[in-house]
Amino acid sequence: MAREYSGLQMHHQLEAKRKRLTWILGVSALCILFYVLGAWQTTPSSQYDVYTRVGCDNNSATSDSNGSNQSLTNLDFASHHQVALDSSKTISQFPPCDMAYSEYTPCQDKVRGRKFDRDMMKYRERHCPTKQEMLLCLIPAPPKYKTPFKWPQSRDYAWYDNIPHKELSIEKAVQNWIQVEGDRFRFPGGGTMFPRGADAYIDDIGELIPLTDGNIRTAVDTGCGVASFGAYLLKRNILTMSFAPRDTHEAQVQFALERGVPAMIGIIGSMRLPYPARAFDLAHCSRCLIPWQNNEGLYLMEVDRILRPGGYWILSGPPINWKKYWRGWERTKEDLKQEQDAIENVARRLCWKKVTENNDLAIWQKPINHAGCVKEVMCKSEDPDTAWYRSLEACITPVPQVLSSDEVAGGELLKWPERAFSVPPRLSRGSVPGLGVDRFIEDNEQWKDKIAHYNRIIAPLRSGRYRNIMDMNAYLGGFAAAVAKYPVWVMNVIPAHIDYDTLGVIYERGLIGTYQDWCEAFSTYPRTYDLIHASGLFTLYQHRCDITYILLEMDRILRPEGSVIFRDTVELLVKIKSITDGMRWKSHIVDHESGPFNPEKILVAVKTYWTGEATKRKPK
C-alpha cells in the first residue's frame with residue numbers, strides 16, 4: 001500500500017507541474033501575441049513612413065532626398081499631460097515688435113550702454129534688460145528679407161535687403177571690406193591690414209608658422225570686422241571664433257554670420273571673454289584697436305589665458321615695424337616705439353617667445369608649460385575656465401603642472417581631424433568630475449544614431465539647407481563632431497550655471513563654443529542661425545526663469561524658415577509647443593531614435609516666413 005500511495009502521489013505531482021508549465025507557456029504566448037498586434041497597429045510598413053520634414057503645413061506630405069513621399073504620424077500628448085512651469089500665461093499669440101527692433105540685440109543695446117562707464121569699454125560690454133524691460137513680441141525681419149545664399153557662395157555674397165546698411169561699404173571702401181553690387185553685397189576678402197585680400201594675407205602667415213598640417217585647428221579673431229580672416233581660414237580647416245563689439249562699424253558681426261562664418265558680438269573690456277582656458281591654437285589681431293599695453297598688460301594676459309600651450313598670437317598693424325610705416329599711421333615715432341616696447345615687455349612677462357617680425361606683422365608663441373616662468377605673478381584663482389561675468393585679473397593664468405620641461409601642459413592634442421573623436425586630455429586626466437572616457441565613447445556612438453534620425457525628420461544636414469547651427473546645451477560636443485563632415489558649423493553653448501563644465505573638452509576636440517546663461521539674450525543679431533538644437537535645455541531652466549523668454553530669444557536668433565530640434569520629456573515638449581504655436585511656428589512631436597518606448601521625445605519646429613511692415617518708428 002505504501003508503494004502504491006507513493007506512486008500515485010508522484011503521478012499527481014507530475015500532472016500538476018505539467019499543468020503549471022502549460023499555463024505559463026499559454027500566458028506568455030498571449031502576451032507575445034498582443035504585443036505583436038499592438039506594434040503592428042502603430043508601426044507603418046517602413047520606418048521611413050513615420051517621419052516627414054516639417055513644412056509650413058503640418059498636413060502636407062513632403063519628399064525626401066530621393067523624391068519619395070513621406071507621411072507624418074503626429075504624437076499627440078496634449079490632453080493627457082499637464083505640467084506647471086515658470087512661463088507667461090497671458091499671451092497666446094505673440095504680436096510682431098515694431099520694425100525699429102528689427103536688429104535688436106538685447107544685451108548690447110546702444111541706449112542702455114550709454115548709462116555705463118566708458119573706462120575699459122564697459123559701456124560696450126553685456127548689459128541685459130531687466131525682466132520688466134524684456135519684450136513679449138516677435139522680432140520682425142526686414143520687409144524684403146530673402147533666404148541667404150548657400151555656402152560657399154555666402155562667403156562672398158549677401159542680400160542687401162537682409163542687412164540694409166551701406167555704411168561699411170563707404171567707410172571701408174579703400175580697404176575692400178564690402179561692396180554694394182545691385183541688390184547684394186559682395187565681400188572681396190579685404191581688410192584693414194590685408195588690402196590684397198585675406199587669402200593672400202593668410203598665405204603670408206603660412207610662410208612663417210604651420211597653418212595646414214592640422215596642429216592649428218581653433219582660432220580667435222579679436223576685432224574681426226566682417227570676419228574675412230575667419231572665412232578664408234575655413235578652407236585650411238581652421239575654425240575661427242570671430243568677435244567684435246556693436247559699435248560705429250554698424251552690423252559687422254551681422255555681416256559675418258550672414259556670410260556663414262562663426263562670429264559673436266563681444267569685446268575685451270573689464271570682463272573675461274566667455275571661453276575656457278587653453279581653448280585656442282591661434283589668436284589674431286589685425287589693427288583691432290585694442291590697447292594691449294594698457295592696464296599692466298591685462299588684455300594680453302586674457303589672450304594668454306585662452307591660448308593653448310604652444311599656441312600663437314599674431315599682431316599686424318600699428319605699432320609693428322613702426323620705423324618703416326609710422327608716416328602712414330599718422331602717429332609719432334616716439335608714441336609707436338613706446339607702444340611696441342610695452343607690448344614686448346608684457347610678452348616677456350608672459351614667457352612668450354617672439355617667433356618673427358615680418359613687415360607689419362609679428363608673431364609670438366606661448367610656452368608649452370610654465371616650468372621656467374616667474375611664479376610670483378601667477379593668478380591665485382582656483383578655476384581658470386570660469387569666465388561668465390568674471391572680472392579680468394592682472395596676473396598670469398597658470399597651466400597644469402608638468403613632470404618635465406618638454407611636456408605639454410594639460411596634455412598634447414592630436415592633429416585635426418583625428419582630434420574630433422580622440423579622447424580629450426581633460427577627460428583622460430579626470431579634470432571634469434563625473435565624466436570619464438567611457439561616457440565620451442558612449443556619447444560618440446549615440447550620436448551616430450541621432451544624426452541618422454535627424455536626417456530623416458528634417459532636411460538632410462548635408463543638403464546645404466543649414467549652415468549656421470547652434471547647440472544650446474552642447475554637453476561633450478558630440479552633435480558638432482558628428483556633423484563636422486557636412487558643410488555646417490556649430491556654436492556649442494554650455495549653460496553658465498551647469499554642474500559640469502565641458503566647454504574645455506569641446507575645444508580640445510577642435511570645436512568652438514561659448515558660455516551662456518539662457519535666462520539672458522545671446523550675443524548675436526537677429527536671424528543669424530539656420531538650425532537650433534536644444535537637448536534637455538528646458539529641464540535645466542524650467543525653474544530658473546520664464547521659459548517663454550527663452551523661446552522668444554530662440555525666435556529672435558532663428559532665421560525665417562529655420563528649424564529647431566527640442567529633446568526633452570513629453571510634459572515639457574507639450575508646454576513648449578503650446579507657446580511656440582503662438583510664435584508663428586509649425587511643430588510636431590516624434591519618437592526618440594530608439595523607438596516609441598523611450599520616454600524622451602523630440603519636438604521638431606519650423607519658424608514660418610513672415611516680415612515686418614516697411615514703416616519704422618522709434619522705440620519708446
Side-chain angles (χ1 to χ4, degrees), residues 54 75-97 101 104-107 126 128-139 388 470-475 491-499 514-524 526 528-529 531-558 562-590 592 599-608:
V54 183
L75 304 180
D76 182 13
F77 299 92
S79 60
H80 307 291
H81 296 263
Q82 298 296 327
V83 64
L85 299 172
D86 291 330
S87 61
S88 299
K89 300 180 177 62
T90 56
I91 298 180
S92 57
Q93 295 293 324
F94 294 92
C97 303
Y101 290 100
Y104 183 50
T105 53
C107 295
R126 286 176 59 89
C128 300
T130 63
K131 186 172 182 179
Q132 291 70 32
E133 296 175 307
M134 295 171 78
L135 302 178
L136 277 171
C137 54
L138 306 176
I139 302 297
W388 187 248
M470 175 179 286
D471 192 349
M472 296 177 72
N473 185 22
Y475 189 43
M491 179 68 77
N492 294 281
V493 181
I494 295 298
H497 305 292
I498 204 167
D499 291 337
T514 183
Y515 295 110
Q516 169 70 22
D517 181 357
W518 286 112
C519 293
E520 301 178 359
F522 193 77
S523 293
T524 192
T528 45
Y529 286 88
L531 174 64
I532 298 176
H533 185 258
S535 177
L537 182 79
F538 290 88
T539 293
L540 288 175
Y541 278 91
Q542 59 181 315
H543 301 305
R544 282 187 55 83
C545 52
D546 189 335
I547 69 166
T548 299
Y549 290 109
I550 300 178
L551 292 167
L552 286 170
E553 173 63 3
M554 294 171 73
D555 181 81
R556 183 183 75 88
I557 67 180
L558 189 64
S563 301
V564 182
I565 298 173
F566 299 91
R567 301 177 72 99
D568 231 305
T569 64
V570 170
E571 288 82 3
L572 279 168
L573 294 184
V574 169
K575 183 61 181 178
I576 290 167
K577 188 178 189 310
S578 71
I579 298 172
T580 59
D581 283 348
M583 292 165 47
R584 309 192 192 193
W585 290 18
K586 299 294 184 182
S587 63
H588 64 277
I589 298 175
V590 300
H592 189 275
E600 182 181 79
K601 301 298 177 185
I602 299 172
L603 176 66
V604 182
V606 170
K607 177 179 176 178
T608 60

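Note that these values count all heavy atoms, side chains included, but never hydrogens, waters or copies made by symmetry. This is a predicted model, so every value here is computed, not measured.
- Note: Leu551 CG to Lys577 NZ = 13.0 Å, rounded to the nearest 0.5 Å.
- Gln93 is linked by a side chain to side chain contact (heavy atoms under 4.5 Å, CB included) to nothing, counting only residues two or more places apart in sequence or in another chain.
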Go through Ile494 and Tyr475 one step at a time and tell me if the side-chain contact (heavy atoms from CB on, under 4.5 Å) criterion holds.
CA-CA 7 Å; Ile494 295 298; Tyr475 189 43; 5.7 Å; no
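- Two residues are said to be in side-chain contact when any heavy atoms from C-beta on lie closer than 4.5 Å; Ile550 and Met472 meet this criterion.
- In this structure, Cys97 and Leu135 approach most closely via the heavy-atom pair SG-CD1, 4.1 Å.
- Interatomic distance, Glu571 CD to Thr539 OG1, rounded to the nearest 0.5 Å: 10.0 Å.
- With sequence neighbours excluded, the residues satisfying side chain to side chain contact (heavy atoms under 4.5 Å, CB included) with Leu540 are Asn473, Pro495, Ile498.
- Atom OG1 of residue Thr569 and atom CZ of residue Phe538 lie 11.5 Å apart, to the nearest 0.5 angstrom.
- Taking the side chain to side chain contact (heavy atoms under 4.5 Å, CB included) definition, one finds that Ser578 meets it with Lys575, sequence neighbours left out.
- Every residue was checked against the side chain to side chain donor-acceptor pair (under 3.5 Å) condition with Tyr529, not counting sequence neighbours, and none meets it.
- Note that CG of Leu558 is 10.0 Å distant from CE of Met470, once rounded to the nearest 0.5 Å.
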Begin from the C-alpha positions of Val493 and Met491 and carry the test side-chain contact (heavy atoms from CB on, under 4.5 Å) through to its verdict.
CA-CA 6 Å; Val493 181; Met491 179 68 77; 4.2 Å; yes
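- When side chains are defined from C-beta on, Cys545 does not count as touching Lys131, because their heavy atoms never get closer than 4.5 Å.
- Under the ring-ring contact (aromatic ring centres under 6.0 Å, His included) criterion, Phe522 pairs with Trp518, not counting sequence neighbours.
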Chi angles and distances behind the side-chain contact (heavy atoms from CB on, under 4.5 Å) call for Asp517, Arg544
CA-CA 10 Å; Asp517 181 357; Arg544 282 187 55 83; 3.8 Å; yes
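- Minimum heavy-atom separation, Phe566 to Leu573: CB-CD2, 3.7 Å.
- Between the OH atom in Tyr101 and the CD1 atom in Ile139 there is a gap of 8.5 Å [rounded to 0.5 Å].
- Counting heavy atoms from C-beta on, the side chains of Ser563 and Val604 never come closer than 4.5 Å.
- Side-chain contact between Trp585 and Thr608 is absent, with no heavy-atom pair separated by less than 4.5 Å.
- The shortest heavy-atom contact between Thr105 and Arg556 is CA-NH1, 3.8 Å.
- A pairwise comparison of heavy atoms in Tyr541 and Ala496 identifies OH-N, 4.5 Å as the closest pair.
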Kindly indicate, with the supporting measurements, whether the criterion side-chain contact (heavy atoms from CB on, under 4.5 Å) is fulfilled by Leu552 and Ile579.
CA-CA 9 Å; Leu552 286 170; Ile579 298 172; over 6 Å; no
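- For Gln516 against Ala521, the heavy-atom pair with the smallest separation is NE2-O, 3.2 Å.
- The nearest pair of heavy atoms linking Leu572 to Gln542 is CD2-OE1, 3.9 Å.
- For Arg126, the side chain to side chain donor-acceptor pair (under 3.5 Å) partners are Tyr389, Glu520, Ser523, not counting sequence neighbours.
- Put simply, the side chain of Lys607 gets close to the backbone of Asp555: a donor and an acceptor are under 3.5 Å apart.
- Counting only distance, with no hydrogens or angles, the side chain of Thr580 and the backbone of Ile576 share a donor-acceptor pair below 3.5 Å.
- Going from atom CG of Asp568 over to atom CG of Leu603 covers 10.0 Å, rounded to the nearest 0.5 Å.
- The closest side-chain donor-acceptor pair between His592 and Arg567 falls under 3.5 angstrom.
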